[in-house]
Structures are given as C-alpha cells and as structure tokens.
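Reviewing the structure listed below.
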Amino acid sequence: MADDKLTPQSENFSEWYNQLVLKSELADYAPVRGCMVVRPYGWTLWENMQAGLDRRFKETGHVNAAFPTLIPMSFFEKEKDHVEGFSPELAVVTHGGGNELEEKLAFRPTSETIIGYMYSKWIQSWRDLPVLINQWGSVLRWELRTRLFLRTAEFYWQEGHTAHATSDEAMEETYKMLDVYADFAINDCAIPVIKGRKSETERFAGAQMTTGIEAMMGDTKALQSGTSHYFGQNFAKAFDIDFLNKENELEHCYTTSWGLSTRMIGALIMVHGDDQGLIIPPKIAPFQVVIVPIFRKDEEREKVMPIVDKVFAELKEAGIRVKVDDRDQVSPGFKFNDWEMRGVPLRMDIGPKDVEKGSVALARRDLPGRDGKSFVSQDGLPAVVTEMLETIQASLLEKATAFRDANIHEPKDYDELKEVVKKGWALSWWCESAECEAKVKEDTKATTRVIPLDQPEDEGKCIVCGEKAEKKVYFAKAY
RNA sequence: CGGGGCGUAGCGCAGUUCGGUCAGCGCACCGCGUUUGGGACGCGGGGGUCGGCGGUUCAAAUCCGCCCGCCCCGACCA
C-alpha cells in the first residue's frame, strides 16, 4: 500500500525503479537469492502480455507445448559455443530421492538442447517440416547481479523453437518473429523499439545470427526486450536433427529460437513510468479504468453507489477492464495517489455532484493535473472511455518515441560519440570489427546495441577507426 | 567474484560509540467514533528468539569470532 512518496527519477533512477516495483505490488524478493515472486498485479500484467504474444504466435502458425525443466548435463557439451556461454550460469541438480545422481541434471537456462534432442526423434522427412513450437515457462540462470524483472535468476518467458528444411526459410522465420516482437512492443506496450542484428560479440551462445528489439529506457539506457536467433545447422549437427529431402538425401535442419521474457515488464516500467509511479498502456493494463466513488454520508452513498454500479456494469459489458475501488477505510485522495502509483491509465470519479449533473469525472494518468481531467456525461460512457483509452495508448507511444528520438544522436567524430553516449544513444558508421567495438566499450562503457535493419543506401567511415563502413550501429549503455 | 552498505514489530528507522528501565518511535494493522471531490483525525489496543550460532561477562541489540542473507557500485549476462 502506498504510504509515502517515491524517490524521484532524477534523484536516483535505480532506486525509483526498485521502490516502484515493490510498492505497486508487481513483484517482491523471494527468499532465494536473485529470485522474484511475481505478485498478482504483476502476473495479470504478464498474462495480458502473454495474450498479445500468444495470439500473434498462433496467427503465424505456431503451436504451444511443454518441455521439462531438467536437462541431462551431457546435452550441454554437444554444442561448443552453447556450453561456453551457459556453463557458468547453470544450476545443477546432483541428488534425487536421497541418492547422488549418476548423471547430473541442469535446470534449463534455455531449452535449445532438450528441444533439439526431441526434434531429432520427431523429424524424419521433409514432410515433417517445418516444426513450429513455442513453450511458455521459466528458466534459471545463476546470475551474479540481479534486479527484479530486469535480471533475475529465474525468469518467466516464452521460447519458440523451429526447424526448417532450408536456410532461407529459417532466416525468414527469424525475422518474422522479430517483427512479431516489434509489433507487440510498439502496438501493445507502446514501447518504440528498434529492430536489428546483434554484433558478433553480443550474439547468443551457439547462434549464427542474433537479432533483437532494443528500447530506450527513461534514463536513456538501452534494454534488449526480445530476441530472435538463427542457428543455421549448428544445433541440428549437434543433436542430429536430420531429414530426408525430396531427393532422398539426408540433410541437417536449419533451426531458430526466439524469446521474450518478464524483462518486458521492466521495460514497460522504465519507458512509461514517472515520479508518481507506473503508467501502464491500456492494451495490457490489468485495470484500464478504476472508478472511485465519492460520498460523505450514508444518504450520499445511497445516491452515488447505484450510479457507480450502473457505470461499472456498462463498462464491463463493453469489454473494458474496470474496477470499483470500494475500500471504505481510505479517503478518495489516497485512492487517487494509489492508483496513479499503480499506473491505471484512466480514473473515473463519481460523487454527489456528478449524480446531480449526470456526469462523471475522468482523469488521464498520462496527463498529470488539470490537463488530464474532464467531465463527461454518464450517457454513452463505454464509447467515450474506449476512445479515451485508445488516445492514451497512442499518446504513450508518441511520447516515448519523441523521447527516444530526442536522445538519439549522430556524432560527427569519436570525441563527440564519447560525449553523446553519456546521456543517450549514438547512431554511427561502424566497420563491424570487434576491436572498434571493444574500444568504445573501454572508453565509454557503451556497447553496440543493434545494427538496425533499416540502413542508409550509402557507405561511410567507421566512427572509431575511420576505415570503410557499410553499416550504421547504435552505441549505448545498456541494462 | 572484488569494493561499499545494511540486517531491531508487516514496512521505514532510533538505540550499538561508552554493556545495566533499550524493547522504543513513525507508518501500517485491530476496535470504537467522527470523517471522505487530491495521500483524514481522536481515543483505545495487538505485535519483536534485536539475521543465526558460539564466546566474554553478574549482566549483551550493544563487546569478540564465525556463518547466513539482502541491497548498491564494478567485471559477466534475456
């Protein structure tokens, strides 16, 4: 419950974030280091995100399944890069039923290996392809430094794993799912993201190509909030995922994987939140509208509550996620602050004056103070509210996009780049060498985030070394 | 894993320097009453092995040792 004010963003952005996650009851610290408990308000938000993604997965031909959380340790030795990438962060089960296990079992840090193993059993012929499976679940990585939602040891996500007959088709799948993520982020979460390819050093362990959507947080740091990988035949070779083609020749499949996690909640908080608290876009908000009834005496209550009930029923009937805050023990003023902190996009106050005038008071979360307030008739509320929710959704995206664009710079030279990444992103020509990338990181702490898919026609000179560069890349400090 | 900070009621803290009414405060919680259009108030209550274990002492939240946990800052990462 809200009792006092949040640390302002400008004072300490990290502190603001931590306090807000706890106070808004999205999540709490678990008794195990690095683990979180996602509380009902946070989980409802996640469910709404899941719904938006799952619908898109189904529309693009995918089906859901569930694979086990425990994976034989030997599986991690089959793909060299994958081992190197994940070994350090594995949690390993050594005992079961009171006895030491003959083969140790890893809690999945991601499921490429076990799914690859299963695919090798299921796939025989080109007729079996493509395999387009997604699973919703959690994974565990022994992270050194954790933060609620942004990096926890265990986190919830979905991981899609697909197998294809051709490289082109697998590549197409990789980009298709990147598009799905971008569409979801932009249209459902109102988070403007940039689609792009990751550099070699930022690539997923075992992937031939990693793509991601990158978003700018309120402190201008970057956050990768969804990622899609093309594996080529790496995992197919390691796990014998083979098929007979139409010419009766044995071939390795081409595989992909793609994932989006509860980290997206962290992104949502840091993109839209302000000093009052969360601001949740209507499309995924657990509550889109909260009605605060206002009355002093029982006689006023008796006049107000029937209207509240009527409006509630109408909005609910119209498919709007609405809640009546009927808590008796706290004042309306407290409720206003409380729901603002929790990020409910639209508040509706109904009091004696409204009953008299046949009106309700609306307050938009995205426009503080007087600017966001309006008084509208009780007639035709569902339509008015629906439209206002759409307006809020659009204006959140607009605001976030404007903020991002205002903090993306195109430095003229390396000195300017070093300045610019202190408080924003730099979009610069880059020769794609690991040396130049490392130098930037060494000098500024900023890393390459993505090589955007949208590229200029021409060529340029690498901002670091001055050599020929074919691609522009975003440099930024990242979470 | 290095550096820093912290652990006393559900939350936030004081008390620890210098052992002895130090088991306390604010918020939250429970009861009653008055309140309610931007974080209400009065009165009355309940609640704590002082992170754990061991040691010193007549006496330990306080001193000593070991351990555990969490947060922050760095190196690595969805």
Side-chain angles (χ1 to χ4, degrees), chain A residues 1-6 12-15 17-19 22-23 28-36 84-89 109-110 138-159 181 198 201-205 207 210 212-214 223-229 257-267 276-277 292-298 300-301 304 325-341 347-357 359-361 363 368-370 372-373 375 441-442 445 447 478-479:
Chain A
M1 191 161 294
D3 45 347
D4 51 7
K5 289 199 164 65
L6 288 165
N12 185 339
F13 197 83
S14 290
E15 192 58 30
Y17 177 87
N18 290 338
Q19 287 179 4
L22 296 175
K23 285 177 53 130
D28 201 353
Y29 296 104
V32 176
R33 193 191 73 88
C35 291
M36 67 174 163
E84 285 176 19
F86 282 106
S87 291
E89 38 188 50
T110 178
S138 71
V139 288
L140 186 66
R141 300 176 186 179
W142 213 257
E143 297 290 347
L144 298 178
R145 195 172 153 197
T146 59
R147 296 195 63 194
L148 292 173
F149 291 122
L150 299 176
R151 173 163 294 103
T152 45
E154 184 185 21
F155 59 88
Y156 302 88
W157 75 342
Q158 57 68 219
E159 47 180 325
Y181 287 152
K198 303 296 264 187
T201 50
E202 299 279 331
R203 210 154 63 186
F204 178 82
T210 287
I213 51 171
E214 206 74 20
L223 184 74
Q224 178 180 318
S225 41
T227 179
S228 179
H229 315 288
S257 80
W258 26 275
L260 187 147
S261 74
T262 39
R263 171 182 268 191
M264 196 69 182
I265 295 177
Q276 308 312 315
V292 178
I294 293 157
F295 45 78
R296 297 160 205 265
K297 310 237 172 355
D298 277 350
E300 284 181 349
R301 156 184 258 169
V304 167
D325 187 348
D326 55 4
R327 286 178 290 179
D328 247 349
Q329 66 279 16
V330 291
S331 67
F334 181 92
K335 293 176 183 178
F336 298 163
N337 288 285
D338 197 35
W339 292 112
E340 272 163 25
M341 193 264 293
R347 194 187 75 235
M348 182 183 291
D349 307 335
I350 303 178
K353 290 180 209 162
D354 297 300
V355 173
E356 235 172 79
K357 292 187 286 189
S359 65
V360 302
R370 209 164 290 252
K373 286 201 179 150
F375 297 88
K441 187 174 181 183
E442 177 71 27
K445 300 257 162 62
T447 53
Y479 274 95

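Labels below follow one simple rule: chain letters A, B, ... track the order of the sequence lines, proteins then strands, and each chain is numbered from 1. Quick note: numbers below take in every heavy atom, side chains included, and nothing from hydrogens, waters or symmetry partners.
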Minimum-distance nucleotide to P332(A) side chain [options: C1(B), G37(B), C73(B)]: G37(B)

Name the closest nucleotide to the N18(A) side chain, picking from G37(B), G38(B), C71(B). C71(B)

Under 4.0 Å: is that the gap between some side-chain N or O of S331(A) and OP1 or OP2 of U36(B)? no

Pair assignment for G65(B), Watson-Crick or G-U wobble, requiring both distances under 3.5 Å: C53(B)

Of A153(A) and K445(A), the one whose closest nucleotide on RNA chain B sits nearer the 5' end is K445(A)

Within the structure shown, what part of the strands sits under 4.0 Å from G351(A) by heavy-atom distance: base, sugar-phosphate, or nothing? base

Kindly say whether A153(A) contributes a backbone atom to a donor-acceptor pair with the side chain of R141(A) at under 3.5 angstrom? no

Indicate whether F155(A) forms a stack on A78(B); treat it as stacked only if centroid distance is below 5.5 angstrom and interplanar angle below 30 degrees. yes

If pairing means Watson-Crick or G-U wobble with both distances under 3.5 Å, then the partner of C70(B) is G5(B)

So, is R296(A) close to the U36(B) phosphate, meaning a side-chain N or O under 4.0 Å from OP1 or OP2? yes

Between A78(B), C1(B), C72(B), which nucleotide has the shortest distance from any of its atoms to the side chain of R147(A)? C72(B)

Could you check whether K335(A) gets within reach of a base, just the sugar-phosphate, or nothing at all, counting any heavy atom under 4.0 Å? nothing

Kindly point out which of A78(B), G38(B), G37(B) is positioned nearest to the side chain of R347(A)? G38(B)

So, OP1 or OP2 of C73(B): does either fall under 4.0 Å of a side-chain N or O from S14(A)? yes

Looking at the side chain of N337(A), which of U36(B), G39(B), A78(B) is the nearest nucleotide? G39(B)

Which nucleotide, A40(B), G37(B), C1(B), lies nearest any side-chain atom of L144(A)? C1(B)

I'd like to check the ring pair (Phe, Tyr, Trp, His ring centres under 6.0 Å) partners of F295(A); sequence neighbours left out, ordered by chain and number. none

Nucleotide forming a Watson-Crick or wobble pair with G24(B), both distances under 3.5 Å: C13(B)

Watson-Crick or G-U counterpart of G42(B), or none if no pair lies under 3.5 Å: C32(B)

G-U wobble or Watson-Crick pairing nucleotide for C76(B) (cut-off 3.5 Å, both distances): none

Starting at the 5' end of RNA chain B, which residue's closest nucleotide do you reach first, E340(A) or L150(A)? E340(A)

Using OP1 and OP2 only, check whether a side-chain N or O of K441(A) sits under 4.0 Å from C76(B). yes

Nearest-neighbour nucleotide for the T146(A) side chain, G38(B), C71(B), G37(B) considered: C71(B)

